[in-house]
Each structure stands twice: as structure tokens, then as C-alpha cells.
Amino acid sequence: MPDGSVRTTTRGSSGADVAASIGAGLAKAALAVKVNGEMKDLDWPIPHDAKVEIVTRKSEEALDLIRHDTAHLLAQAVQELFPGTQVTIGPNIEDGFFYDFARNEPFTPDDLPKIEAKMRELVARDLPTKRTVWKRDDAVKHFLDLGEQYKAEIIRDLPADEEVRVYYHGDWHDLCRGPHLPSTGKIGLGFKLTKIAGAYWRGDAKNAQLQRIYGTAWRDEKELAAYLQRLEEAEKRDHRKIGKEMDLFHIQEEAVGQVFWHPKGWTLYRTVENYIRRKVERADYREVKTPQLIDRKLWEQSGHWENYRPNMFIAEVDEGGGEHARRVLAVKPMNCPGHVQIFKQGLKSYRDLPLRLAEFGACHRYEPSGALHGIMRVRSFVQDDAHIFCTEDQIVDETRRFVALLTEVYKELGFDSFITKLATRPELRGGTEEQWDHAEKALENACKAIGLPYSVNPGEGTFYAPKLEFVLRDAIGRDWQCGTIQLDYVLPERLDAEYIAEDGTRKRPVMLHRAIVGSLERFIGVLIEHHAGKFPLWLAPTQAVVATIVNDADPYAKKVTAALKLASIRTETDLRNEKINYKVREHSLAKVPYLLVAGRKEAEEGTLSVRRLGSERQETIALDALIKQLVAEATPPDLA
RNA sequence: GCUGUUGUAGCGUAGUGGUAGCGCAACGCCUUGGUAAGGCGUAGGUCGUGGGUUCAAUUCCCACCAACAGCACCA
């Protein structure tokens with residue numbers, strides 16, 4: 001037992017028997033049993049000398065069990081309500097589960113409450129669970145006879161040594177590995193169906209599209225309510241909503257996937273851009289700018305034309321000589337080929353390396369319409385891009401320097417931690433196997449050399465290079481992949497970059513592609529959601545509003561605003577004929593960090609009544625002292 | 001791109017086969033009020049776009065565009 005005690009039972013006793021021998025309460029609460037660390041059904045006979053733990057609702061593992069059973073419940077309800085619907089798979093996911101069905105008629109949002117009601121009914125019926133083991137061929141034939149072609153396919157593909165188990169909940173049954181709760185009644189009512197979606201069979205767009213129903217499930221209705229509350233909170237942070245509310249940007253039909261930055265949004269954008277510019281300059285990068293339109297020849301040479309042609313914006317011009325003088329240019333989807341062109345100007349020596357070329361490169365990619373999402377996934381964006389041309393020997397040190405820079409930037413921008421993944425060679429790729437072996441090994445070595453923990457993300461590298469991915473965690477626990485460094489042997493070769501080595505021979509430089517925030521557009525979306533629009537002072541588009549109580553204070557308020565602007569504090573004046581309550585409410589909702597209230601008293605004394613966003617307290621501060629305080633707080637972290 | 005849903009004033013929304021309401025914002029007047037919505041009034045819409053059905057379409061049908069959710073994609 002978990003507490004170290006030993007219990008003796010008769011041969012063939014099950015988890016349920018053990019629970020019952022401990023107490024009636026536990027017997028009732030038992031959901032499953034953990035035998036030697038492995039989850040099993042309660043009725044599973046326990047082997048000799050086993051470590052046994054009874055799993056109840058309170059156990060950590062309970063949620064997984066409940067969710068998996070709820071997925072089965074969903075499938076059962078759907079098949080009862082919509083006969084002829086085929087079941088496929090229904091795994092657990094974060095916070096819930098889904099189940100994919102094959103059915104000609106689509107499910108509609110109106111179906112969800114009906115299905116949910118049926119699920120509750122099945123819980124109330126408290127159908128007992130029964131596990132059976134089948135011969136593979138029998139099972140395949142059985143499911144084919146039922147018209148369950150997907151299930152039959154799954155059984156055929158099971159590993160040869162795997163037992164074919166079929167679980168019954170009442171009469172309804174499904175192929176499943178288990179384990180399951182002893183009856184449908186144990187599932188409880190802490191579940192809710194959340195959305196319907198199309199999803200491809202086996203995740204492949206070439207296959208048939210199934211209909212997926214998503215749900216969430218918890219220990220009880222209280223936990224469910226808390227989860228739904230969390231969803232609502234996340235919705236409030238949505239950068240599209242806040243972007244509108246705070247008048248930061250908009251997107252419209254005539255420029256799909258591109259951002260119209262409003263003055264306030266652009267202020268935020270420039271603040272971030274200028275901050276990064278200072279950081280890379282201090283890290284010995286040289287900033288450059290490369291052309292937006294480049295002849296297709298260069299993209300053919302780099303390999304982009306072959307791999308990404310459908311996703312590139314193309315510009316065609318007639319140079320006046322008829323058909324033969326047509327020139328095809330691509331709007332750059334990446335900056336790397338441009339940077340190689342700069343590198344290739346003039347002969348480079350090993351003494352020039354490492355050469356770090358940085359660019360706030362505006363790139364355009366024709367993203368599929370379904371991929372677009374606010375300012376997070378757009379067709380026109382700017383990367384904080386840079387390419388480091390270096391020698392083999394410099395890889396580890398350059399990686400170390402980059403990770404140090406990135407850590408600093410994330411921290412200063414308000415993110416405390418990130419995780420690292422090593423994305424290895426994808427199926428579709430350029431270069432030779434030797435180059436890939438070499439590049440993956442080199443990145444691995446760099447991680448080890450600088451003591452950077454990482455997990456492997458197999459097959460997720462780019463077509464020319466393996467990469468390290470840096471994933472941020474935001475204020476409400478969501479992950480965002482932003483930074484990357486890619487170790488590329490392919491492009492320098494394809495674009496024929498070389499330098500003169502110490503021994504006088506010509507050699508290929510290694511190229512490190514790297515970005516810290518990735519797309520500025522996307523990163524600002526992340527920043528908005530991370531801070532819920534309540535930015536630290538240095539990032540806030542409007543840092544202070546001077547609001548008057550009476551007209552008599554107008555001249556003083558104007559004077560205060562002028563003084564603050566002189567000190568580079570982004571300040572607005574609110575002289576409107578409104579009550580102070582109204583102004584406080586409005587500027588608080590607009591998430592203005594500092595509200596500076598000026599009435600008759602303040603005007604006479606040369607002070608302001610200061611209210612910091614998020615606080616209901618006010619403090620009267622002399623103008624001079626206030627300016628000092630605001631300037632200190634508004635200083636970007638790298639200049640403080 | 002695929003599946004489903006949606007598209008009404010700057011924003012948030014109601015509604016109907018007989019050409020549209022509400023709230024906030026805007027504008028005007030009254031009010032000068034001390035920390036989260038003061039009062040009264042005015043203006044603003046070819047109901048996403050294009051076809052069709054109908055005496056009549058914002059409403060019903062079709063196509064397209066866009067947004068949203070998920071899938072696929074993300075150099």
C-alpha cells in the first residue's frame with residue numbers, strides 16, 4: 001500500500017476486493033487501481049507481491065480516468081441518438097477530451113445539448129463496465145459487420161502482441177485499451193460538450209474529414225464551473241478584443257491578414273522594436289535592410305521556390321520587350337537570402353567572423369485563410385531576424401551568446417521562464433544526410449556545453465536546418481513559441497557563401513538563423529494577452545492622463561501635461577465637461593497606468609492627486625516629484 | 001485549404017416577407033460636480049457583396065467575400 005503497510009489477500013483478489021477489505025467508504029469511492037504503478041480496472045486480479053494503490057476521485061490520476069470515460073459516454077450517447085454514426089478515436093487532451101465520428105450529416109451546435117442530455121441519462125442509468133478480450137480476427141469481423149470500418153482498421157493496425165479488449169457499458173461497447181471506471185454513474189456530472197469541428201482521419205489532410213466533438217470533464221460540477229470561469233478570463237485577454245478596446249490596431253477585408261496599426265498600437269510596436277534594436281546593437285550585431293522584391297532566380301537557388309512557391313506573393317512586371325521581357329519577382333518571405341547577398345559583397349576573411357547581420361525584416365507569406373488569427377498569424381509581418389555567419393568552432397559560443405541575450409530580453413519583457421526544444425530533420429528537406437547529422441549534433445553539443453536543458457521535437461526542423469525553439473509561458477500558463485536559432489549548412493552552399501580561412505583556402509561559413517521574439521506582430525499579441533492590456537509603464541501607449549475636476553483647473557492641467565511631455569511621458573489631457581467619477585471609470589477601463597487628477601486644490605498647491613491603475617488609493621504628490629517618479633518607472637529595463 | 005457557425009451605426013447587440021430598434025461612444029444644451037457611468041436632446045444604418053424567388057427581401061434560396069471555432073499548414 002502507499003503508506004508502506006502490507007495486506008494479504010486471497011489469490012485472485014481484485015482492486016475492488018482490496019478496497020472493500022480496507023473499508024466500505026473506500027470501496028464506494030474506488031475508481032481504479034494502480035498495480036505496480038500501472039493503472040488497471042478495479043476488477044483486475046492482482047498478482048502476487050504487488051504494490052497496490054486504490055485510485056479515488058481525489059487521486060491525481062482521477063481526471064484522466066474521468067475524461068476518458070466521458071469520451072466513451074459521448075460516443076455511446078451519439079450512437080444512441082444518431083444510429084449509423086461510426087466511432088473512431090476519442091483521446092484525452094488538456095482539460096478534456098474529444099471524440100471523432102464518421103457521419104454523413106454534420107452535427108450542428110443544437111445537437112450538443114441533446115447529446116449532453118443523453119450523456120446525463122446514461123450516467124443516471126449507472127451502466128456497469130465489463131471488459132472482454134477478443135481474438136483479433138473475430139473483433140475485426142465483428143466491427144465490420146456493425147459497419148464500423150474505422151474501428152476495424154484500428155484493430156488491424158494494433159501491434160501483434162497487444163490484447164484486443166472490448167469494453168461494455170451496458171449493451172454498448174467499444175474497442176479500448178482501458179482502464180475504465182466500474183460504471184457510468186462514477187463519471188459524475190462535471191462535464192460539458194464545448195465545440196464541434198472537422199478533423200482529418202489520422203490527422204492527414206489527404207484523408208476523409210471526420211466530425212469531432214470536444215468536451216471538458218472534471219471531478220465535479222464545481223471544478224467544471226471553475227474551468228469555465230478560467231475560459232472566460234482567457235477570453236477577456238483576447239488581443240483582438242483588447243486591440244479594439246484600446247484602439248491599438250484593426251484589420252479589414254481589403255487587406256486580409258495585414259495590420260493597420262493605430263497611433264497607440266504603433267507606439268507600443270515602436271517601443272518594443274527600439275528596445276530590441278538597442279539590445280542587438282549592444283550584442284555586436286550590425287543592422288541592415290534588404291529589398292522587399294527579389295527576382296525568382298534567387299529563390300530558386302535558395303530552394304524556397306521549390307518548397308514554398310504557393311505561399312509566396314509574386315509580382316510580375318513587363319519590362320517593355322513583350323513576353324520575353326517578363327520579370328518575376330517574389331515579395332520576400334524570409335530575410336536570409338538577402339543577408340547572404342550582403343555577406344557575399346567583397347571577400348570575407350576568417351577575421352570577419354562571426355559576422356552578425358540583423359534586420360527588422362518585413363516578410364510576406366500567403367498563409368492559408370484558415371490559419372489567420374488576429375495579429376498573431378498574419379500574411380505581412382516583421383521579424384527581429386538576424387543571421388550569424390561563423391566558423392564551425394564558433395557555433396557553441398554563438399549559441400551561448402544568443403541564449404544569454406534571449407534570456408535577458410524575455411526577462412526584461414516580463415516573462416520569467418521559457419523551455420527549449422530541439423527540432424530535428426523533417427521529411428521534406430534539403431542538404432545531405434551528413435550535413436543533417438552534423439548540424440543536429442552540433443546544436444545538441446551547444447546545448448550541453450552551455451547547460452541548457454531541452455526536449456526533442458522530432459521532425460519539426462525547417463527544410464534547411466534543425467533548430468532550437470524557445471517557448472514562453474504567459475501569465476495564465478499558456479505556451480508561445482517565439483524564439484528560435486537554426487543551424488544551417490545548406491543555404492551557404494546553395495547561395496555560395498564563402499570566406500578565406502587561416503590556411504588561405506576557401507571555406508563555407510556556417511549560418512545561424514535566429515530570432516528572439518519572432519514576428520513583432522505576433523509577439524505584441526502575446527504581450528497584450530500576457531498583460532491583459534495592463535502594460536508596464538514603459539510599454540503603455542498612454543502612460544498618464546491628466547483629468548480635471550473643474551474648469552478652473554484647466555490651465556494648470558495643460559501646464560502639467562506640457563511638463564510631463566517634456567519629460568517624455570506619453571500624456572493626455574482630459575478637460576471634458578464630465579464628473580471625476582466618470583473620468584476615473586473611463587480611463588481605468590482604458591487601462592491608463594497613471595490617472596493624475598487636478599482640481600482647484602491641486603492647481604493652487606502645484607500637486608496632483610495620483611491614482612495608479614489597479615489601486616483605489618490616491619496620493620497627493622508635488623508635480624516635480626511626480627515627474628521624477630514617472631520618468632524612473634517609465635525607463636525601459638535595459639536603460640534603467 | 002477543409003468542416004461548421006456567423007456577418008444589422010464607431011463598438012456591443014434586438015428584430016421582422018411590408019425598406020429597422022436598444023445600450024455605449026459621438027455631437028448640442030443644462031450642470032462645475034473630489035476618485036469607477038449627472039440630466040435632456042440631436043445626428044448616424046443602401047441590414048457583408050452579387051444574383052434569384054416574390055406585388056414586396058435586411059428577412060427565403062444560390063454564389064462569392066470576410067470573421068469566428070477546430071482540423072490541416074506555420075520556411
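Naming: A, B, ... by sequence-line order, numbering from 1 per chain.
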Point to revise | Distance test, side-chain N/O of A/Arg240 to OP1/OP2 of B/A69, below 4.0 Å | key: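 The answer is yes; a side-chain N or O of A/Arg240 sits under 4.0 Å from OP1 or OP2.
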Review point. Within less than 4.0 Å of OP1 or OP2 of B/C74, is there a side-chain N or O belonging to A/His373?
Key: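 Indeed not, no polar side-chain atom of A/His373 lies that close.
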Which whole-number value in Å describes the distance from [X] [atom1] to [N] [atom2]?
X	N	atom1	atom2	result
A/Phe313	B/C74	CZ	P	17 Å
A/Arg309	B/C73	CZ	P	21 Å
A/Glu427	B/C74	CD	P	12 Å
A/Tyr582	B/A37	OH	C1'	7 Å

Check your understanding: Base, sugar-phosphate alone, or nothing: which one does A/Phe463 contact when heavy atoms must sit under 4.0 Å apart?
Key ->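 Since no nucleic acid heavy atom lies under 4.0 Å of A/Phe463, the category is nothing.
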**Study point:** NZ or CZ of A/Arg429 within 45° of A/Tyr464 ring axis and under 6.0 Å
**Key:**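 A/Arg429 over A/Tyr464 ring: no.
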**Study point:** Any strand: nucleotide that pairs with B/U42 via Watson-Crick or wobble, under 3.5 Å
**Key:**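 With both distances under 3.5 Å, B/U42 matches B/A26.
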**Study point:** Mate of B/U13 where both pairing distances stay under 3.5 Å, Watson-Crick or G-U
**Key:**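 Because both required distances fall under 3.5 Å, B/U13 counts as paired with B/G21.
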Exercise for review: Take A/Ala205 and A/Ile549, find for each the nucleotide of RNA chain B with the closest heavy atom, and name the residue whose nucleotide sits nearer the 5' end.
Suggested key: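 Closest to the 5' end, via its nearest nucleotide, is A/Ile549.
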Check your understanding: 5'-most contact on RNA chain B: A/Gly599 or A/Pro106, nearest heavy atom basis?
Key ->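 On the 5' side of the pair lies A/Pro106.
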Review point. With under 30° as parallel and over 60° as perpendicular, where do the rings of A/Phe415 and A/Tyr410 fit, or are they tilted in between?
Key: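 Perpendicular.
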Check your understanding: Below 6.0 angstrom between ring centroids: does that apply to A/Phe191 and A/Trp218?
Key ->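 No, the ring centres sit 6.0 Å or more apart.
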Check your understanding: So, A/Gln435 versus A/Glu440: side-chain donor-acceptor pair below 3.5 Å or not?
Key ->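 No donor-acceptor contact under 3.5 Å links the two side chains.
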